[in-house]
Amino acid sequence: MPDNSSTAYLSGLNDVQLQAVTNTDGPVLVVAGPGSGKTRVLTYRVSHLIKTGVKPYNILTLTFTNKAAREMKDRISIEVGPQANQVWAGTFHSIFARILRMEAEKIGYPSNFTIYDTEDTKSVIGNIVKELQLDKTVYNPNVIKSRISSAKSNLITPKLYEANEDLRTQDRMAKRPHTYTIYQKYVARCKKSGAMDFDDLLYRLYELFQKNPDGVLDKYRNRFQYVMVDEFQDTNQLQYAIVRKLVNYENSPRNICVVGDDAQSIYAFRGATIQNILDFEEDFKPHGIKVFKLEQNYRSTEEIVQVANEVITYNRRQIPKKIWSDKGSGQRIKLIRALTDNEEGKRIVDTILEQKNRSHLSNSEIAILYRTNAQSRIFEEFLRRYNLNYRVFGGLSFYQRKEVKDIIAYMRLVVNPRDEEALRRIINFPKRGIGASSVEKIAALAEANNETLWQSLPKVKVASRTKTALASFVKTINGLRKKLNTDNAYELTQRILEESGIGKLYKTDTSIEGMGRMENINSLMDGVKSFVDEAGAEFDADNQPDISLTTYLQNIALHTDLDDEEKSGDYITLMSVHSAKGLEFKSVFIVGLEEKLFPSFMSMDTVEGLDEERRLFYVAITRAEQFLTLSYANSRYRYGRMQYNEPSRFLEEVPRDYLENTSSISSRKINQEPNPSGASVKGFFKKPSAATRIDPKNFHPNDSSEIQAGMNVLHLKFGKGKVLSIEGGEANRVATIFFKDLDNPQKRIMLKYAKLQILD
DNA sequence: GTTGGTATCTGTGGA
DNA sequence: AGATACCAAC
């Protein structure tokens with residue numbers, strides 16, 4: 001037993017936290033409400049393990065963001081010192097990528113495989129769609145991508161997909177019968193290119209464990225004696241399957257601890273399922289699972305906690321728990337109603353100034369949270385105008401900028417010449433006379449010979465001028481590759497800039513744009529430089545410090561702009577609600593609370609979708625410590641058009657007693673019209689038909705009691721329709737109406753809320 | 001093959 | 001509104 005001084009850290013924990021920290025052996029589920037000290041429990045648990053003699057390299061902790069992982073490592077090292085660096089703490093993607101680097105050859109990948117990002121993935125799909133001569137509006141790469149992604153997340157291989165009648169029928173119904181073929185080709189092409197997409201980092205590891213060549217699985221079972229998973233509610237089937245492989249086997253000690261909160265599950269769209277928490281309980285029940293519930297909130301005032309509790313009760317199922325705070329009473333929740341998006345921006349920033357003055361808040365204690373990244377612009381404008389320092393997170397990250405991606409494409413091709421997307425990107429950049437038709441010839445030859453573009457490139461039959469250009473391109477890349485083992489990342493990148501001609505291209509560009517690009521390239525170079533200077537410290541005992549370009553690429557592939565080192569300075573945070581998860585601020589502004597925006601129109605057509613939006617709202621509310629401000633605008637510009645939206649239904653779920661301004665919000669009518677067919681809403685956005693061009697001035701709705709079956713009616717948004725039937729009595733009459741102008745014409749409408757004009 | 005201008009499309013969240 | 005695809009003219 002360690003002496004008192006080394007267990008002193010445990011005294012700062014409450015009873016349940018202490019239990020969760022010290023019950024280290026056997027399966028544990030921690031249900032942790034917002035602000036309940038979840039990170040604390042996890043880090044103390046790891047420290048506790050190490051202090052009681054567990055080797056740090058036998059501990060694996062999986063998180064969702066690099067930031068969470070880094071924070072954890074930092075906090076562990078405060079307790080146990082530098083050996084914290086030997087803990088396997090990282091994101092699912094980064095830890096798995098690291099294992100795959102070591103084992104990739106066992107499943108037919110090169111160890112220096114490329115990681116395809118979203119753009120690469122879409123581009124590959126786009127190319128396949130083109131080659132198959134399919135209509136890319138029907139086979140929208142975004143749609144196909146998400147189908148492929150969810151197939152992989154549910155352990156459905158192309159073979160299984162082919163045999164899966166449900167999926168095939170769905171595709172046929174959606175007029176995309178060839179989705180299966182694209183999936184199959186996509187997988188083959190990634191493999192040929194020596195590339196893994198984000199899902200592959202999970203899927204291929206599962207494959208590795210499943211096939212278990214050379215007993216590789218035992219090696220990792222043995223290495224990871226203690227496994228912890230953060231944000232377990234956000235794991236998908238595939239992730240849980242991998243975790244099970246690692247800990248759930250005959251004679252395993254099953255030292256697994258998962259931490260999660262069903263109320264904060266907000267990633268169903270990428271395959272996460274709350275079912276995993278429920279399954280976890282079942283799966284480990286026979287092995288003496290212990291469940292701990294952290295219900296005390298240490299973050300927020302009573303008002304904020306109560307509002308969050310109340311809002312979440314509108315969801316259907318949840319793990320029963322009652323979050324409470326002893327922080328006492330604070331400010332009521334403020335609601336800002338604005339007429340336009342612009343006014344919303346101004347009034348939010350006014351309120352920020354007021355709060356700063358009255359309550360002496362610093363910028364870093366303030367966050368503006370929105371549903372979509374596109375909403376940041378207006379707030380940026382006002383913040384700039386008022387001279388307030390701010391920083392926008394999300395949106396496109398540094399590494400996704402065009403000029404940066406170009407250079408990274410060179411790096412990628414040098415490291416892995418099979419990388420098809422990198423090759424396509426730079427084969428004619430800077431311009432060297434190799435146009436689209438030449439690239440297509442190369443691609444066709446590669447497809448015919450079942451080889452990579454790089455292999456086909458020297459053999460293709462093209463005009464002699466193109467031939468020369470191709471040869472010179474190959475020579476440049478090969479020359480750079482020769483330096484891979486001798487140059488460090490920085491030296492080689494400099495060489496790339498020089499020999500590719502990119503350096504020259506931008507140096508001679510004196511336009512404002514060009515200078516901005518040059519600036520970005522310089523920051524990239526700075527980044528590479530600091531990687532080279534600092535890399536040594538990043539690696540554990542069993543890894544040599546490595547400052548090669550190969551390693552640099554691996555480091556940045558999973559980088560997001562949330563991971564950028566805390567830039568110095570005191571700034572207001574602007575980010576999506578999704579990226580705010582896990583963070584806290586003294587004052588939080590949740591903006592754009594309007595129907596079709598928050599909740600998003602993409603999620604409004606199902607109860608599940610709405611529940612997830614509501615959990616998202618719950619996450620947003622619980623970020624706040626003291627001040628919470630909600631806002632909406634009656635109109636805003638979206639897609640270049642003015643749009644009028646009703647206030648969000650979520651506002652009605654906020655108990656009035658906790659609102660600062662008690663003048664009722666229901667004086668403004670909140671639209672609760674059920675919207676059973678989301679497809680038609682999407683259709684409405686996509687092709688504004690005649691139905692959308694009704695002039696409101698000529699629209700005179702009748703009283704809903706007059707509506708009868710068989711009538712022809714006019715709806716402001718849906719256009720002309722025929723009432724097919726009416727059900728329900730008096731107050732709750734629901735009409736089924738056929739709107740001929742909609743993609744999905746049959747709608748059920750609550751007459752109480754609908755505005756309909758009788759035509760005859 | 002390249003250029004520059006116009007038409008068209010698209011549109012949540014993020015590792 | 002902004003990005004991208006497409007197309008005619010060089």
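Within every chain, numbering begins at 1; the chains are lettered A, B, ... in the order of the sequence lines, protein sequences first and strands thereafter. Small disclaimer: the values here were computed from a predicted structure and weren't measured.
Close to B:dG14, at under 4.0 Å from its OP1 or OP2, lies no side-chain N or O of A:K581.
A centroid separation of less than 6.0 Å is found between the aromatic rings of A:Y240 and A:F232. With ring centers used as reference points, A:H578 lies 6.0 Å or more from A:Y370.
In this structure, A:R614 fails the cation-pi test against A:F617, since its NZ or CZ atom is not both closer than 6.0 Å to the six-membered ring centre and inside 45 degrees of the ring normal. The cationic atom of A:R377 (NZ for Lys, CZ for Arg) does not lie both less than 6.0 Å from the six-membered ring centre of A:F379 and within 45° of the ring axis.
Here A:F64 lies in heavy-atom contact (under 4.0 Å) with sugar-phosphate atoms only. Contacts of A:Y267 with the nucleic acid, taken as non-hydrogen atoms under 4.0 Å apart, involve only primed sugar atoms and P, OP1 or OP2. The residue A:N142 sits close only to the backbone: its heavy atoms come under 4.0 Å of sugar-phosphate atoms, none of a base.
Among the nucleotides B:dT12, B:dT10, B:dT3, the one closest to the side chain of A:T372 is B:dT12. Of the candidates B:dG1, B:dT2, B:dA15, B:dA15 carries the atom nearest the A:T65 side chain, counting heavy atoms from C-beta on. Checked against B:dG1, B:dG14, B:dT12, the side chain of A:F269 finds its nearest nucleotide in B:dG14. If you check B:dG14, B:dA15, B:dT10 against the side chain of A:T118, the one that comes closest is B:dA15. Listed nucleotides B:dG14, B:dG11, B:dT12 differ in distance to A:S600; the shortest reach to its side chain belongs to B:dT12.
Of the two residues near DNA chain B, A:F198 and A:S603, the one whose nearest nucleotide lies more 5' is A:S603. When the nearest nucleotides of DNA chain B are assigned to A:K136 and A:G435 by heavy-atom distance, the more 5′-ward of the two goes with A:G435.
For the pair A:Y370 OH and B:dG11 C1', the computed distance is 17 Å after rounding to whole Å. One atom, CZ of A:F393, and another, P of B:dG14, lie 13 Å apart when rounded to the nearest Å.
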